[in-house]
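Note on naming: letters A, B, ... go to the chains in the order of the sequence lines (proteins, then strands), and numbering restarts at 1 for each one.
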Amino acid sequence: MPGHWLFKSEPGEYSIADLAREPRKTGRWDGIRNYQARNFLRDEVKLNDLAFFYHSSCKQPGIVGIAKIVSAPYPDPGQFLPDGPYFDSKATPAAPRWYSVDLQHVETFATVITPGDMRNLDGLENMYLFKQGRLSIQPVNDQEWQQIMALAKSRAPR
DNA sequence: GCCAACGTTGGC
DNA sequence: GCCAACGTTGGC
């Protein structure tokens with residue numbers, strides 16, 4: 001059984017449409033610089049797990065589709081690039097601090113599933129999204145995943 | 001733009 | 001190690 005996650009991104013930085021446009025619809029999920037998110041990414045995200053793609057800090061925040069984890073976690077190259085935005089002077093190749101995975105686009109939903117939609121469903125009260133909303137990589141349990149998928153499938157394309 | 005939540009920094 | 005100050009996130 002693959003694990004389930006919620007990955008957040010500001011669409012102005014990197015949107016689900018950007019992912020879908022990548023060669024082989026596959027891109028690197030990088031730039032994670034929060035230790036709790038890092039720990040999930042490094043220690044618990046597994047090849048073939050599925051993730052909700054969540055757009056934050058935008059006109060219509062919410063879950064916009066699904067992506068699949070198509071690599072094992074590996075050190076985020078950006079931490080070693082002195083001129084890049086993600087440089088970390090304390091990280092070394094022998095002792096990397098930050099990690100990335102590769103994601104492949106699976107599906108873009110017909111409509112955005114907003115936090116308001118999710119608050120209205122019984123059983124989603126304990127989602128990380130509501131308990132610890134700022135975390136950029138969050139586990140989603142099987143029941144939560146299935147409820148949100150059912151809602152997404154019930155929506156007619158606009 | 002506001003503001004609550006919360007992570008990080010740094011002096012002591 | 002404590003904790004105040006500060007910065008960032010992110011929904012509204």
Side-chain angles (χ1 to χ4, degrees), chain A residues 3-21 27-45 49-67 69 73-103 105-141 143-155 158:
Chain A
H4 295 134
W5 303 92
L6 184 149
F7 281 27
K8 282 198 289 193
S9 180
E10 299 188 17
E13 297 291 321
Y14 193 77
S15 71
I16 195 166
D18 293 328
L19 179 61
R21 273 196 296 271
R28 171 181 296 139
W29 196 266
D30 60 5
I32 298 298
R33 293 296 181 272
N34 166 283
Y35 286 104
Q36 198 176 355
R38 189 280 310 268
N39 291 346
F40 281 132
L41 194 61
R42 183 189 60 187
D43 303 334
E44 297 192 44
V45 171
D49 282 357
L50 294 172
F52 286 133
F53 199 115
Y54 184 98
H55 283 176
S56 65
S57 295
C58 59
K59 277 243 170 69
Q60 258 197 315
I63 295 171
V64 292
I66 304 172
I69 284 77
Y74 58 93
D76 184 342
Q79 68 193 309
F80 307 127
L81 303 175
D83 297 328
Y86 298 123
F87 180 61
D88 185 334
S89 63
K90 300 208 176 82
T92 66
R97 181 175 288 191
W98 307 110
Y99 284 78
S100 294
V101 290
D102 292 341
L103 277 191
H105 179 267
V106 173
E107 177 180 358
T108 298
F109 291 156
T111 65
V112 179
I113 307 297
T114 68
D117 294 332
M118 288 182 265
R119 283 183 194 282
N120 287 335
L121 290 182
D122 286 339
L124 301 185
E125 302 83 10
N126 293 320
M127 285 187 72
Y128 268 82
L129 192 63
F130 303 127
K131 302 270 176 180
Q132 205 178 332
R134 295 175 46 181
L135 192 57
S136 60
I137 292 184
Q138 316 182 351
V140 172
N141 73 31
Q143 173 231 315
E144 292 161 351
W145 181 271
Q146 283 158 25
Q147 276 187 275
I148 293 167
M149 285 302 294
L151 178 61
K153 296 304 172 195
S154 74
R155 293 279 182 85
R158 58 171 63 217

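The distance from atom CZ of Phe7(A) to atom C1' of dT9(C) is 18 Å, rounded to the nearest whole Å. Taking atom CG of Leu135(A) as the reference point, atom C1' of dA5(B) lies 13 Å away to the nearest angstrom. When rounded to the nearest whole Å, the span between OH of Tyr35(A) and C1' of dT9(B) equals 12 Å. Remark: C1' of dT8(B) and CG of Asn34(A) are 11 Å apart, rounded to the nearest angstrom. We find that CD1 of Ile137(A) is positioned 12 Å from P of dG10(C), with the value rounded to whole Å. Taking atom CD1 on Ile32(A) and atom P on dT8(B), their separation rounds to 13 Å, with Å as the unit. To the nearest angstrom, P of dG11(C) lies 11 Å from CD1 of Ile63(A). Between Gln36(A) atom CD and dT8(B) atom P there is a gap of 9 Å when expressed in whole angstrom units.
Residues Pro96(A) and Phe80(A) form a side-chain contact, since some pair of their non-hydrogen atoms from C-beta on lies under 4.5 Å apart.
Across all strands, Ser57(A) comes closer than 4.0 Å to base atoms (heavy-atom distances). At a threshold of 4.0 angstrom between heavy atoms, the contacts of Phe130(A) with the nucleic acid are absent. Nucleic acid contact for Lys131(A): sugar-phosphate only, since backbone atoms but no base atoms lie under 4.0 Å from a heavy atom of the residue.
In this structure, the side chain of Glu125(A) engages the main chain of Gly123(A) through a donor-acceptor pair within 3.5 Å. Checking side-chain atoms of Gln147(A) against main-chain N and O of Leu121(A) turns up no donor-acceptor pair under 3.5 Å.
The phosphate of dT9(C) has neither OP1 nor OP2 within less than 4.0 Å of any side-chain N or O from Tyr54(A). OP1 or OP2 of dT9(C) has not a single side-chain nitrogen or oxygen of Gln132(A) nearer than 4.0 Å.
Between Trp98(A) and Tyr86(A), the ring center distance fails the sub-6.0 Å criterion.
Residue Phe7(A) comes nearest to Ile137(A) through the heavy atom pair CE1-CG2, 3.8 Å, listed as atom of the first residue, atom of the second, then distance.
Contacts between residues 118-129 of chain A and DNA chain B, counted as heavy-atom distances below 4.0 Å, involve no residue at all.
Ranking dG11(C), dT8(B), dT8(C) by closeness to the Arg134(A) side chain, first place goes to dT8(C).
Arg33(A) is linked by a salt bridge (Lys or Arg N to Asp or Glu O under 4.0 Å) to Asp76(A), counting only residues two or more places apart in sequence or in another chain.
The one candidate from Tyr99(A), Phe53(A), Tyr74(A) that meets the ring-ring contact (aromatic ring centres under 6.0 Å, His included) condition with Trp29(A) is Phe53(A).
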